[in-house]
Protein chains: 2
Amino acid sequence: MTQFNDTELTAAVIKSFEQTPNSRARFLLQELVKSLHDYVRKTDLSFEEWDTAIGFLTRTGQKCTDIRQEFILLSDVLGVSMLVDAVNHRDRDGATETTVLGPFYVGEHKVTPHGSDISADLSGERMFVQSRVTDLGGKPLAGVPVDVWHADQDGFYDSQRPSYATDGPSSRARFVTDADGRFHFRTIVPCSYPIPTDGPVGQMIMQTNRHPMRPAHVHFLVNARGYEPLITHVFVEGDKYIDSDVVFGVKDELIAKVEKRTDPVMPDGKPADGPWHLMTYEFHVKPGGGLAPAPLGTKATEDA
Amino acid sequence: MTQFNDTELTAAVIKSFEQTPNSRARFLLQELVKSLHDYVRKTDLSFEEWDTAIGFLTRTGQKCTDIRQEFILLSDVLGVSMLVDAVNHRDRDGATETTVLGPFYVGEHKVTPHGSDISADLSGERMFVQSRVTDLGGKPLAGVPVDVWHADQDGFYDSQRPSYATDGPSSRARFVTDADGRFHFRTIVPCSYPIPTDGPVGQMIMQTNRHPMRPAHVHFLVNARGYEPLITHVFVEGDKYIDSDVVFGVKDELIAKVEKRTDPVMPDGKPADGPWHLMTYEFHVKPGGGLAPAPLGTKATEDA
């Protein structure tokens, strides 16, 4: 048959994938065809709209670099990332809630001594972060690498700054838990910030009258051997955008009170240089495997 | 509300687009969210699969250049392009059938005198193409620009060759119809060819055990003022792949018998240098407006 009406066409495309060797890939592709075709039929998509979509997807791909992932950002603002998170984490069994990875995990995390100030070069209110990693029974887990990253006082990640190439990471580090499962570090209090609006995804958000803001948070990636990698944030309680995160990433359990302190010493006994804030958060991980996400740049361009 | 179960999440994302000023854009985005979320839920998409999709889309965008459009190719092999074509051309009223634009319309078409050999530099069996453009009542339309392009004897378009930048177009031209609505030109008989398999889309086709072939055809874009732009191909009858075009683009009415001839002169009275083929096809266009597609490179990178 060479000529199709529109339902015959859909059937023909689904059939064309019948010889896909991997049955899961076959299922995913055939469902994708159904879903895309249903969308075109339901919306009676015009050529101009199709052309706009092609242009948008092209620009989204072309905005990606080794240190920026515009397609993850698109997935994030459409709630797809959080939905993938939800369907893969239906039973937490007491483990810490997960949230989006976000587009700024660049895999440049260097093991850093406990207590270090990872934002020493930044202005902003100082914060001491103390944390612990345990299993579901509360047993501390030692030797666990924990990647940490957050935006600076202007709402930018280090990798968004032109100086990143020369100056290297800032507000971004890896800590390894001690025998008691603990780690601690100094940094600044993060602030709420807009997703990048200089690319197609941010522009779409502005054009649709959504605000582009994320509430203040610190990213954590807890990667204990023999446990599910835990990708999450800790959000700062009271942030103006806590109820309207542009990527739908907030969960109640992940909101931490960040307390203002005036004690002359911080919890590790070292002197505080003025008022400071304390963030305390414990992570509980569940048994399992799986790889932590690959850093950007190692996959997106693998056969480009 | 900060925490969503998966259906609340979908509702929240749909609601986030409520303030989109353009009602059609709002509808398209909200339906897109529903469709994407239904897909994730139905397939229980894993993180690894999501990650594979992000990487695939990124590479697809990054494969696009001013002269290559990998996202159009993706739309083509998933049957989306032909479906958009179908839903926008439900009533032909006798107008010539349409098919996909394809990824090789580069908008470099130079007005060329009738009778020119547009593949003079190529080996291959010679073909004389004679054609006419009329309205639905058969009235000839004069002064209509008709863009023509096809693959060479190895199955490549000029723009796929490294020499394109220096040598310019080949097997690609624009003819303007004469007072009788006619135009004619010389070229080679096109052959069936694979879509490019050096990019993510072609690789996906190979990995799913689909063949990557398109049956032999010549592209035509007939762009008469006051009429619907007609984007179509004429296919060569008898091609091995006529029933299994990788982009689902064949329609019965678009198949032409290409006759072998041994007459010593061609239809324009000029001598034939050995045996040749004759392709005859008439295009009928319907009243309407709309812009012809923009050439590649003018849109895909507009704000990249």
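Below, read A as the first sequence line, B as the second, and so on, with proteins coming before strands; counting in each chain starts at 1.
For the pair B/Q69 (side chain) and A/T58 (backbone), a donor-acceptor distance under 3.5 Å is absent. In this structure a side-chain-to-backbone donor-acceptor pair under 3.5 Å is missing from B/D44 to A/N88.
Of the residues considered (B/T208, B/V77, B/L74), B/T208 shows the highest number of contacts with chain A, using heavy-atom pairs under 4.5 Å. Contact count against chain B (heavy-atom pairs under 4.5 Å) is highest for A/V80 among A/L254, A/L36, A/V80. Of the listed residues (B/R41, B/M82, B/E49), the one with the most heavy-atom contacts under 4.5 Å to chain A is B/E49.
Nearest heavy-atom pair, B/L45 versus A/V87, reported as atom, atom and distance to 0.1 Å: O-CG2, 3.8 Å. Residues B/L83 and A/L9 come closest through the heavy atom pair N-CD2, 3.4 Å. A pairwise comparison of heavy atoms in B/T65 and A/Q62 identifies N-NE2, 4.5 Å as the closest pair. Across all their heavy atoms, A/F248 and B/S16 have their closest contact at CZ-OG, 3.7 Å. Nearest heavy-atom pair across A/T43 and B/R24 is O-NH2, 2.7 Å.
Both the backbone and the side chain of A/L32 come within contact range of chain B, with heavy atoms under 4.5 Å apart. Both the backbone and the side chain of B/D85 come within contact range of chain A, judged by heavy atoms closer than 4.5 Å. For a residue to count as touching a neighbouring chain, one of its non-hydrogen atoms must lie under 4.5 Å from one of that chain's; by this rule B/F27 touches chain A with the side chain only. If you measure heavy-atom distances from A/R26 to chain B, you find no contacts under 4.5 Å at all. Interface remark: A/N22 contributes no atoms to any contact with chain B (heavy atom separation under 4.5 Å). The part of A/Q207 that comes within reach of chain B is its backbone (N, CA, C, O), which places non-hydrogen atoms under 4.5 angstrom from that chain. Neither the backbone nor the side chain of B/V246 comes within contact range of chain A, judged by heavy atoms closer than 4.5 Å. Proximity to chain B (any heavy atom under 4.5 Å) is restricted, for A/V33, to the side chain, taken from C-beta onward.
Interatomic distance, B/S46 OG to A/L28 CG, rounded to the nearest 0.5 Å: 8.0 Å. In this structure, the separation between CD1 on B/I14 and CG on A/L78 is 11.0 Å, given to the nearest 0.5 Å. Atoms NZ and OG, from A/K15 and B/S244 in turn, are 10.5 Å apart once rounded to the nearest 0.5 Å. Note that the CG atom of B/L73 and the CD1 atom of A/I54 stand 10.0 Å from one another [nearest 0.5 Å]. Rounded to the nearest 0.5 Å, atoms CD (B/E18) and CG (A/N209) are 12.0 Å apart.
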Is there a side chain to side chain contact (heavy atoms under 4.5 Å, CB included) between A/M204 and B/F17 once you walk through the steps?
-> CA-CA 10 Å; A/M204 183 267 282; B/F17 284 108; 3.7 Å; yes
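Within the structure, the ring-ring contact (aromatic ring centres under 6.0 Å, His included) test picks out the following pairs touching residues 57-91 of chain A (sequence neighbours left out): A/H89-B/F47.
Taking A/S75 as the reference, A/S81, B/W50 meet the side-chain hydrogen bond (donor to acceptor under 3.5 Å, both in side chains) condition, with sequence neighbours excluded.
Here the side chains of A/D38 and B/S35 are not in contact, with every heavy-atom distance at 4.5 Å or above.
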